[in-house]
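Taking it in order: structure first as structure tokens, then the write-up.
In what follows, chains are A, B, ... by sequence order, proteins preceding strands, each numbered from 1.
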Amino acid sequence: MSIESLIQKGTVEGMKSLYGADLPENQVQVQNTRKDFEGDITVVVFPFLRYSKKGPEQTAEDLGKYLVENIETVENFNVIKGFLNLEISQNYWLGVLKSSFANSEFGLKPVTDDSELVMVEYSSPNTNKPLHLGHIRNNLLGFSISEILKANGKKVVMTNIVNDRGIHICKSMYAWKQWGNGETPESIGMKGDHLVGKYYVEFDKHYKAEVAELVEKGVSKEEAENQAPSIIAARELLRKWEAKDEETVELWKMMNNWVYAGFDVTYKTLGVGFDKIYYESDTYLIGKEEVLRGLEEGTFTRREDNSVWADLTGDGLDQKILLRSDGTSVYMTQDIGTAKMRFNDYSIDKMVYVVGNEQNYHFQVLAILLDKLGFSWGKDLYHFSYGMVELPSGKMKSREGTVVDADDLVDNMVEVAREMSADLGKLDSLTGDDAENTFKMIALGALKYFILKVDPRKNMMFNPEESIDFNGNTGPFIQYTYARIKSVLRKAADQNITIDENVTVESISSKEKDLVKRISLFPAAVEEAGDNYSPAIIANYCYELVKEFNQFYHDHTILGEADESVKNFRLVLASAVGQVVQTGMGLLGVEMPERM
RNA sequence: GCUCCGGUAGCUCAGUUGGAUAGAGCAACUGCCUUCUAAGCAGUAGGUCAUGGGUUCGAAUCCCGUCCGGAGUACCA
């Protein structure tokens with residue numbers, strides 16, 4: 001049992017025994033004592049005054065005495081106003097340290113056969129352009145939240161729904177046919193996703209010019225946008241694709257494969273992956289079937305123009321279109337189909353969608369529609385809604401070229417990491433691949449931490465003019481601390497020092513105790529991160545831990561310590577911090593270098 | 001218009017179910033490398049927690065109003 005719940009229980013019993021009060025356990029506020037005060041754990045007694053009928057100091061005094069007498073690990077107490085600060089025995093803290101030492105499972109809950117199965121959908125790219133910074137946030141959050149759910153004892157299936165069909169890819173296809181001169185990724189040495197994206201932009205350029213030309217001839221803007229030859233041609237391609245025209249389907253396959261090859265490189269760089277990939281071209285027809293079934297069953301209605309609608313006014317929402325008047329499906333239809341297919345494939349207990357907050361409404365509607373269609377799991381789907389990444393110039397828009405490309409960004413960061421290492425004269429001893437891998441590790445560490453440390457629900461600002469920091473509250477700061485720990489441990493091994501997890505020390509300094517206390521909070525941080533779907537909680541925990549370690553490292557020598565038992569304690573402590581940081585940052589998908 | 005989300009130091013962000021004197025990093029200024037890695041440590045300075053009310057022993061946190069910003073809002077995904 002954790003020390004917190006031990007004290008909670010003790011407090012309830014104490015209130016009963018002292019004042020005959022029946023206090024519900026959740027009314028007991030137990031928190032970590034603030035640094036400026038003596039003690040380890042604090043109980044706030046203000047809520048108890050109505051039971052004790054005494055002043056806050058007296059109540060705290062009574063309760064303090066009771067807890068010291070009745071709970072072994074509580075050794076002493078002091079009272080300041082309504083705050084009862086308890087001192088916990090050193091042995092308790094050393095016990096925590098021992099359980100975290102050399103234990104890569106510390107803080108994690110085991111996954112068992114009975115564990116809930118959670119499917120996490122993330123990434124979900126369109127296949128007409130390369131990934132950008134917004135996708136990076138999505139991918140990092142999706143991957144990290146999956147790891148965090150696993151750490152909380154869930155079975156997780158990571159999945160990706162690739163939006164591989166529709167007018168957007170037809171635009172790239174048309175432009176490539178028209179102006180591509182048979183270019184391929186190999187022929188011009190460009191990543192496939194970038195090549196296809198190039199023709200998406202090319203399409204837009206021609207399209208805009210055509211519209212402008214028509215408008216000049218006196219055609220209304222709206223009409224011009226519908227009549228421009230390019231858009232007509234792209235629509236024709238979409239129609240041919242739906243009719244399974246061989247040539248069109250071949251072109252579609254070829255260009256999509258270019259994109260997938262490109263995405264794979266980016267995914268690999270980011271260190272993310274999937275257990276199962278769905279393609280919208282496989283699911284949209286299922287969605288249509290489901291909608292038609294709903295129509296037959298009277299859940300949905302058909303209008304005079306042949307379009308199919310859901311009436312959500314009973315749920316406080318509007319009417320929602322599910323099939324267009326020409327019978328084609330919309331985004332919502334496809335998501336219904338995908339959901340059905342997934343639940344056929346897996347016995348999913350919970351479905352999590354990692355999708356931006358601009359689609360809050362969409363998922364609200366999806367949950368209701370699935371429920372109406374009779375899928376019992378519909379209501380329980382969880383939309384992990386994250387905020388946008390904003391640039392100083394405003395929002396990113398693909399077509400307006402105001403995007404930060406994912407591959408470019410990573411390349412830049414690796415370059416910065418390389419220059420920085422050279423400036424600092426680090427890693428001169430490392431050669432070729434080892435050095436290069438470390439640069440990548442640092443660059444990705446900086447990027448991932450930068451993105452994951454902020455509350456996922458909030459919009460965040462990214463300024464491409466200022467490169468991401470490597471000092472202060474950053475990924476490299478944490479990696480650096482880890483590398484230092486590893487360095488000390490290597491030196492200890494060189495001196496043939498064996499580290500004994502059974503620590504015996506007379507007393508430990510306050511900095512050391514702070515560190516052990518911080519380690520003891522890791523399991524709670526993992527749990528909280530899981531409950532709140534927030535990698536940021538893990539990121540901030542790791543930062544606090546490492547910051548505390550650096551203070552300790554600065555003030556105390558480890559290998560230079562003369563007292564053998566103290567030296568051993570500090571080695572166990574350093575090692576445990578390294579272990580926890582590695583586990584924690586691992587939940588963020590950040591790797592830790594042995595040296596940097 | 002309506003719905004949802006946000007507003008904390010010059011900038012980027014933390015701040016657990018309401019608790020003690022609101023915290024970090026960056027930027028600025030000052031110290032600390034013959035000692036386990038200075039990508040570090042210590043310090044100075046920087047706040048009307050958008051704003052006005054309310055709830056209470058206690059509010060950055062909960063409720064209401066106002067202002068500002070963002071997103072969504074029936075045939076784009």
Side-chain angles (χ1 to χ4, degrees), chain A residues 26-27 29 31-34 36-37 42 44-47 49-50 56 80-83 85 124 126 128 163 166-168 280 303 305 307-310 312 316-326 328-332 334-335 356-362 364-365 385 387-388 390 394-395 417 420-421 423-424 426 442 446 450 453-455 457-463 466 469-481 483-492 524-525 528 531-532 536-537 539-540 543-544 547 550-551 553-561 570 574 595-596:
Chain A
N26 61 17
Q27 274 211 18
Q29 288 182 56
Q31 50 194 257
N32 299 299
T33 305
R34 292 180 60 132
D36 333 304
F37 300 94
T42 295
V44 185
V45 302
F46 288 111
L49 304 186
R50 45 191 280 245
I80 297 172
K81 292 195 277 185
F83 299 93
N85 301 322
S124 312
N126 290 355
N128 61 328
N163 186 7
I167 192 71
H168 53 275
E280 209 183 89
R303 287 194 184 166
D305 66 0
S307 54
V308 177
W309 293 76
L312 304 177
L317 303 176
D318 285 325
Q319 310 271 327
K320 179 73 197 173
I321 189 161
L322 298 173
L323 289 177
R324 296 193 189 93
S325 42
D326 64 2
T328 55
S329 63
V330 296
Y331 180 34
M332 187 60 75
Q334 291 139 26
D335 258 0
N357 62 12
E358 54 197 353
Q359 290 182 36
N360 286 352
Y361 184 73
H362 174 82
Q364 202 184 339
V365 171
S385 162
M388 300 291 99
E390 287 164 356
K395 216 190 147 186
M420 193 133 181
S421 296
D423 284 353
L424 294 170
K426 307 264 178 173
I442 295 168
F450 177 82
K453 79 171 172 184
V454 325
D455 184 336
R457 278 159 274 274
K458 290 189 181 173
N459 288 356
M460 65 179 293
M461 177 62 72
F462 175 79
N463 188 346
E466 306 164 11
D469 275 324
F470 285 67
N471 297 318
N473 185 358
T474 67
F477 169 81
I478 295 171
Q479 291 171 317
Y480 174 71
T481 307
R484 272 173 150 187
I485 291 171
K486 285 293 164 176
S487 174
V488 171
L489 294 176
R490 274 195 302 273
K491 290 211 161 75
E528 199 189 338
D531 291 347
N532 294 301
I537 289 170
N540 288 314
Y543 175 66
E544 297 293 337
K547 196 173 161 56
N550 281 332
Q551 293 167 3
Y553 181 88
H554 185 264
D555 293 354
H556 302 82
T557 177
I558 300 173
L559 296 171
E561 172 60 41
R570 289 183 184 159
R595 55 189 90 216
M596 70 182 269

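- Val454(A) comes within contact range of the sugar-phosphate backbone alone, with a heavy-atom separation under 4.0 Å but no base atom that close.
- Phosphate proximity of C57(B) to Lys81(A): absent, as no side-chain N or O sits under 4.0 Å from OP1 or OP2.
- The interatomic distance linking Phe46(A) (CZ) with G18(B) (C1') rounds to 12 Å, in whole Å.
- Only the C1' atoms considered, U61(B) is 15 Å distant from G54(B), to the nearest whole Å.
- Rounded to whole Å, the C1' atom of C57(B) lies 35 Å from the corresponding atom of A45(B).
- For Asp305(A) and Arg303(A), the salt-bridge test fails: no basic side-chain N is under 4.0 Å from an acidic carboxylate O.
- Phe37(A) comes within 4.0 angstrom of a base, heavy atoms only.
- Looking at Ser421(A), its side chain does come within 3.5 Å of a backbone N or O of Ala417(A) through a donor-acceptor pair.
- Checked by distance alone, Asp305(A) brings a side-chain donor or acceptor within 3.5 Å of a matching partner on the base of C75(B).
- With G70(B), G25(B), A20(B) as the choices, the nucleotide that has an atom nearest any side-chain atom of Asn459(A) turns out to be G70(B).
- With hydrogens and angles ignored, the 3.5 Å screen pairs a side-chain donor or acceptor of Asn459(A) with a backbone N or O of Met388(A).
- Residue contacts shown for Asp555(A) are absent, as no nucleic acid heavy atom lies under 4.0 Å away.
- Two residues, Ser487(A) and Asn163(A), neighbour RNA chain B, and the one matched to the more 5' nucleotide by heavy-atom proximity is Ser487(A).
- No side-chain donor from either of Thr474(A) and Asp469(A) sits under 3.5 Å from a side-chain acceptor of the other.
- Residue Lys458(A) is classed as a sugar-phosphate contact, given heavy-atom separations below 4.0 Å to backbone atoms only.
- With both ends at atom P, the span from G53(B) to G31(B) equals 46 Å, rounded to whole Å.
- Rounded to the nearest 0.5 angstrom, Ile485(A) CD1 and Tyr480(A) OH are separated by 11.5 Å.
- Looking at heavy-atom distances under 4.0 Å, Asp423(A) makes no contact with the nucleic acid at all.
- C2(B): Watson-Crick or G-U partner is G72(B), with both key distances under 3.5 Å.
- Phe83(A) comes within 4.0 angstrom of a base, heavy atoms only.
- Look at the P atom in both U48(B) and U56(B): the space between them is 28 Å, to the nearest Å.
- Distance from the side chain of Asn126(A) is smallest for A77(B) among the nucleotides A77(B), A39(B), G19(B).
- Considering only side-chain N and O atoms, Lys486(A) lies nowhere under 4.0 angstrom from the phosphate OP1 or OP2 of C36(B).
- C2(B) and C49(B) have their C1' atoms separated by 30 Å, with the value rounded to a whole Å.
- Side-chain to base pairing of Gln29(A) with G19(B): one donor and one acceptor N or O lie within less than 3.5 Å of each other.
- Comparing the C1' positions of C5(B) and G10(B) gives an interatomic distance of 26 Å, to the nearest angstrom.
- Between the side chain of Arg570(A) and the backbone N or O of Thr557(A), at least one donor-acceptor pair lies under 3.5 Å.
- Contact between the side-chain N/O atoms of Asn532(A) and the OP1/OP2 oxygens of U16(B) is not found at any separation under 4.0 Å.
- Listed nucleotides: G19(B), C75(B), A39(B). Nearest to the side chain of Trp309(A): C75(B).
- In this model, no side-chain donor or acceptor of Asn550(A) finds a partner on the base of A38(B) within 3.5 Å.
- Under the 3.5 Å distance criterion, the side-chain polar atoms of Lys320(A) are left unmatched by any main-chain donor or acceptor of Met332(A).
- The base of A39(B) is paired with the side chain of Ser421(A) by a donor and an acceptor separated by under 3.5 Å.
- Rounded to the nearest Å, the gap between the P atom of C41(B) and that of G25(B) is 8 Å.
- Phosphate proximity of A38(B) to Arg484(A): present, with a side-chain N or O under 4.0 Å from OP1 or OP2.
- Remark: aromatic rings of Tyr543(A) and Phe477(A) are close, center separation under 6.0 Å.
- Neither OP1 nor OP2 of C75(B) sits under 4.0 Å from any side-chain N or O of Ser307(A).
- Mapped onto RNA chain B by nearest heavy atom, Arg490(A) and Met388(A) fall at different nucleotides, with Arg490(A) at the one closer to the 5' end.
- Residue Gln359(A) is in base contact, counting any heavy-atom pair closer than 4.0 Å across all strands shown.
- Among the heavy atoms of the strands lying under 4.0 Å from Gln319(A) is at least one base atom, whether or not backbone atoms are also near.
- Among the atoms of the strands shown, none is found under 4.0 Å from any heavy atom of Ala492(A).
- Under 4.0 angstrom from either OP1 or OP2 of G72(B) there lies no side-chain N or O belonging to Tyr361(A).
- In this structure, C64(B) is classed as anti because its glycosidic torsion departs from zero by more than 90°.
- Pairing of C67(B), defined by two Watson-Crick or G-U wobble distances under 3.5 Å, is identified with G7(B).
- Contact annotation for Thr42(A): base contact, defined as any heavy-atom pair under 4.0 Å involving a base atom.
- Partner assigned to U35(B) is none, using Watson-Crick or G-U wobble distances below 3.5 angstrom.
- Checked against U16(B), G25(B), C41(B), the side chain of His554(A) finds its nearest nucleotide in C41(B).
- Nucleic acid contact for Phe477(A): sugar-phosphate only, since backbone atoms but no base atoms lie under 4.0 Å from a heavy atom of the residue.
- At whole-Å resolution of the value, NZ in Lys453(A) and C1' in U12(B) are 7 Å apart.
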CA sep, side-chain torsions, deciding dist, call: Arg324(A), Thr328(A), side chain to side chain donor-acceptor pair (under 3.5 Å): CA-CA 5 Å; Arg324(A) 296 193 189 93; Thr328(A) 55; 2.9 Å; yes

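- The separation between Asp455(A) atom CG and U16(B) atom C1' is 12 Å, rounded to whole Å.
- Across all strands shown, Phe450(A) has no heavy atoms under 4.0 Å from either base or sugar-phosphate atoms.
- Between C36(B) and G23(B), the two P atoms lie 34 Å apart (nearest whole Å).
- Atom-to-atom, CG of Leu317(A) to C1' of U73(B) comes out at 10 Å; the value is rounded to the nearest Å.
- Nucleotide C11(B) holds its P atom 18 Å from the CG atom of Asn473(A), rounded to whole Å.
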